[in-house]
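Position 1 is the first residue of the sequence; numbering continues from there. Given the structure is predicted, the values throughout are model-derived calculations rather than measurements. Values below: every heavy atom of this structure, side chains too, minus hydrogens, waters and symmetry copies.
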Amino acid sequence: MKRIKLHQFSLAVIFFITIFLTSTLSQPKDSLITKVENGLLPVVLIKGEAPFNLQERMDYYNVPGISITVIKDYKIEWTKQYGVMDSELQNPVNDETLFSVGSLSKGVASL
C-alpha cells in the first residue's frame with residue numbers, strides 16, 4: 001500500500017509539472033518554483049478547493065524526500081531537493097541522492 005501511494009504521489013507531481021509549467025516557463029525561476037511548491041492540485045478538482053503545498057503532500061504520502069528537475073528546451077531549467085533521504089538518519093536530499101524511479105519513467109517516456 002505504501003508503494004502504491006508513493007507511486008501515485010510521484011506520478012501526480014510529474015503530471016503537474018509537465019502540464020502546469022509548459023505554459024508558464026517564461027516566468028522568473030523563483031516564481032515557478034513557488035508555484036510548484038504551493039500549487040499541487042488534487043486528482044479530482046472541486047471548485048473552490050485550495051491547491052496543496054508540496055510539504056503537505058509529502059507528509060500525507062509519508063515521503064521523506066524528493067528531488068524535482070524541470071527541463072526546458074532539452075536543458076535543465078532548475079533543480080531543487082526537499083526533505084531527507086531516510087527518516088531515521090535524517091540526511092538531507094542533495095544533488096547526489098539516488099532515487100529508485102521504478103516504473104515512473106514509463107509515464108515520462110510516453111509524454
Side-chain angles (χ1 to χ4, degrees):
M1 183 71 153
K2 189 175 182 179
R3 282 187 156 201
I4 291 172
K5 283 187 172 186
L6 177 60
H7 184 74
Q8 290 171 337
F9 173 72
S10 301
L11 285 176
V13 170
I14 290 171
F15 179 76
F16 167 76
I17 291 171
T18 304
I19 301 303
F20 180 74
L21 292 180
T22 46
S23 63
T24 60
L25 281 175
S26 60
Q27 296 178 3
K29 183 171 82 168
D30 291 341
S31 173
L32 294 176
I33 292 172
T34 300
K35 283 186 177 186
V36 169
E37 293 172 338
N38 298 303
L40 297 177
L41 300 175
V43 176
V44 177
L45 298 175
I46 298 173
K47 188 176 182 176
E49 186 175 20
F52 296 114
N53 174 284
L54 183 60
Q55 188 60 52
E56 292 170 350
R57 293 289 84 188
M58 288 174 64
D59 294 341
Y60 178 82
Y61 287 108
N62 198 26
V63 175
I66 63 170
S67 180
I68 297 176
T69 299
V70 173
I71 299 171
K72 178 183 176 188
D73 297 328
Y74 306 101
K75 296 178 185 164
I76 294 175
E77 185 76 14
W78 58 268
T79 298
K80 189 167 179 185
Q81 295 79 31
Y82 304 85
V84 295
M85 290 187 252
D86 186 299
S87 298
E88 293 176 23
L89 299 176
Q90 295 294 307
N91 294 326
V93 174
N94 60 41
D95 292 343
E96 303 298 317
T97 304
L98 298 177
F99 290 92
S100 174
V101 295
S103 295
L104 292 177
S105 61
K106 291 177 186 174
V108 174
S110 69
L111 290 173

For residues 41-55, tabulate all N or O donor-acceptor pairs below 3.5 Å that involve a side-chain atom, not counting sequence neighbours.
| residue | atom | partner | partner atom | Å |
| --- | --- | --- | --- | --- |
| N53 | OD1 | Q55 | N | 2.7 |
| N53 | OD1 | E56 | N | 3.4 |
| N53 | ND2 | N38 | OD1 | 2.8 |
| Q55 | NE2 | D59 | OD1 | 3.0 |

Should the heavy atoms of other residues, nucleotides or ligands under 6.0 Å from CG of L98 be counted, would the total exceed 12?
no
Suppose clustering is done on Ile, Leu, Val, Met, Phe, Trp and Tyr with side-chain heavy atoms closer than 4.5 Å. Which residues sit in the same group as F99?
M85, V93
Worked verdict on W78 versus V36 for side chain to side chain contact (heavy atoms under 4.5 Å, CB included):
CA-CA 12 Å; W78 58 268; V36 169; 3.9 Å; yes
Co-membership, hydrophobic cluster, residues Y82 and Y61, 4.5 Å side-chain
yes
With a 4.5 Å cut-off on side-chain heavy-atom distances among I, L, V, M, F, W and Y, is there a chain of contacts connecting L40 to M58?
yes
Could you list all the salt bridge (Lys or Arg N to Asp or Glu O under 4.0 Å) pairs where at least one residue sits in residues 78-105, not counting sequence neighbours?
E37-K80
Report the residues that fulfil side-chain hydrogen bond (donor to acceptor under 3.5 Å, both in side chains) with N94, sequence neighbours left out, ordered by chain and then residue number.
T97
Results of side-chain hydrogen bond (donor to acceptor under 3.5 Å, both in side chains) for T79 - residues two or more places apart only
T69
